[in-house]
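These notes concern the structure reproduced below.
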Amino acid sequence: MKLKESFAEHRRLWLGLGSVLFVIAAWEALLTYVFPVNPFFFTKPSLIAVAFKEQVIYGALWGDLAVSSKAFLWGFGFAIVLGIPLGALMGWRRKAGYTLDPFFTAMYASPLVALAPLIIVVFGVGLFAKSVLVFALSVFPFIFNTFAGVRSTDRLLINVVRSFGGGEKDLYLKVIFPSTLPFIVAGARIALGRGLVGIIVGEFYAASEGIGYAISRFGDTYRLPEMFAAIFLLMILAVALTEGMRKLESVLAPWKTTQETR
Amino acid sequence: MKRLQNFYTEREPSILGGGFILLLIVLWELMPRLLTLPQGFSLFFTTPWKVIEACYELFVENKIQEHFYVSSIEFLAGLGLAIIVGLPLGLITGRSPNIDAMVDPFVTIFNATPRLIFLPLFILWFGIGIWSKIIIVFIGAVFPLLINTYEGVKNVDRVLVNVVRSFGANEWQVMKIVVLPNSVPYIVVGLRLAIGRAILGVVVGEFFGASKGLGFMIATAATNYKVDVVFVGVAIFMGLSLVLTMAVKKIESNLSRWRPEEAKTF
């Protein structure tokens, strides 16, 4: 009886869980009983679980992950440090906004990943080239979200601070920053996805370590269970990070209930 | 003087914005003439004029057409598949809470993960030909379409749905009369995002295990230090995605003038 009540209450959760379990079970059963396929081209959950245990729990992948995270953090850090002030400048000084907006829009809309081979040829195979790639991809969401955030700051609040004799610094710290913060966090979520693309492309293209390299190496050597283990590890991390950002967003801006784009 | 000033104030945004881009291009062109570049650096350096020359040469020698053709086929086929799959799935998940609950975990997981990590797998499964790229374009573009269609369906006015229902419409008619027209603005946003993802898929897909396509051209040119050819490829991709996204953006703003300003997303 209790189970039934719980089902009615958390219907979405149970249905979701059920469908995931069903897919995993069907995958396993199909490959075990119906057509046991060539292990070089396909694999099944039980084998992936074994590989996951080996690679993740006993550690082989963590070294690769550490290498990737380092490059990611450098690029992402610089994107924050440069992107937010630039966006704030564009939002606050009208002429700066006019001047920089078309150029950055063009850069944001174009697939900068196309420059990856050149960046790697110029800067070599290593931390620096990957960080540059991550930076180039993830700086624009910070710029544009800060820009939009500053521009949508309530004029009234600004006037209030001014009438009470607040200076430029008060404006920034007490009005503009708090009202822009939710925009920045939303930008960070978009930047996160783009930064991950940068890391993966950089490491697929030319690298000797890192999670992207691990995936392409396992693929080249037909070690599918290990490859899926690495993919799942990356998936878990990506979901945790994006959902974390989403939570942060709803904490910082509870009035923004739905997001137009994910 | 007065008229000049008026001319400027009327067009300030486009003059400043366009001027800045022009200035950058001119500076880039003049850079080797103003500064003496270090020896090693000039190997990786090119100027806009050289890029244009390289583009003309490639075109005349008929070297770029085939790459362009292959890339466009991959783009169109992948995006087309994404529309065929994403739109109906978005409509269904938007209308049926049960199916939505069952599909949602997969959508969330795959949407958070950069789908490019599946590229080695797709190359293994579908070979280095055109199909592995079509699939990577498809899987990149399908989620923005699906999610935005879903959001559009979810945001449909309940009252309108109930009115149509009360007059005896079935699910299909509700869909056709209320749901679909109301979700068009959202679908267009999804399409714009999907175009960006699709181009990303084409570029990256062709970097690895390909023998044709603009991405392949960029990658081989970079390893042979033909920087001007790299920029020809990059410029084509930039131009295409700008033209396509701006066109869709135009449709978007015509469809939804009433929507508040949002930050840009690509």
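Chain letters run A, B, ... following the sequence lines, proteins first, then strands; residues in each count from 1.
- Put simply, the side chain of A:Ser19 gets close to the backbone of B:Met102: a donor and an acceptor are under 3.5 Å apart.
- Distance check: B:Leu119 CG to A:Phe204 CZ gives 6.0 Å after rounding to the nearest 0.5 Å.
- Between A:Leu115 and B:Phe231 there is a side-chain heavy-atom pair separated by less than 4.5 Å.
- Using a 4.5 Å cut-off on side-chain heavy atoms (C-beta onward), A:Pro117 and B:Val230 make no contact.
- For B:Leu214, no part lies under 4.5 angstrom from a heavy atom of chain A.
- Of the inter-residue distances, the one linking B:Leu124 atom CG with A:Phe42 atom CZ reads 10.5 Å to the nearest 0.5 angstrom.
- In this structure, chain B has heavy atoms under 4.5 Å from both the backbone and the side chain of A:Thr99.
- Only the side chain of A:Phe228 comes within contact range of chain B, judged by heavy atoms closer than 4.5 Å.
- Rounding to the nearest 0.5 Å places CD1 of B:Ile117 at 5.0 Å from CD1 of A:Ile231.
- Atom CG of B:Leu121 sits about 4.5 Å away from atom CE of A:Met227, to the nearest 0.5 Å.
- At a 4.5 Å heavy-atom cutoff, the contact between B:Phe208 and chain A is made by side-chain atoms alone.
- Centroid-to-centroid, the aromatic rings of B:Phe207 and A:Tyr205 come within less than 6.0 Å.
- Taking CD1 of A:Ile120 as the start and OG1 of B:Thr223 as the end, the distance is 11.0 Å to the nearest 0.5 Å.
- For A:Met235, the parts lying under 4.5 angstrom from a heavy atom of chain B are both the backbone and the side chain.
- Contact of B:Ser14 with chain A is not made at all, since no heavy-atom distance falls under 4.5 Å.
- For the set B:Trp125, B:Tyr225, B:Phe143, the count of heavy-atom pairs under 4.5 angstrom toward chain A peaks at B:Trp125.
- At a 4.5 Å heavy-atom cutoff, the contact between A:Ile200 and chain B is made by side-chain atoms alone.
- Neither the backbone nor the side chain of A:Leu237 comes within contact range of chain B, judged by heavy atoms closer than 4.5 Å.
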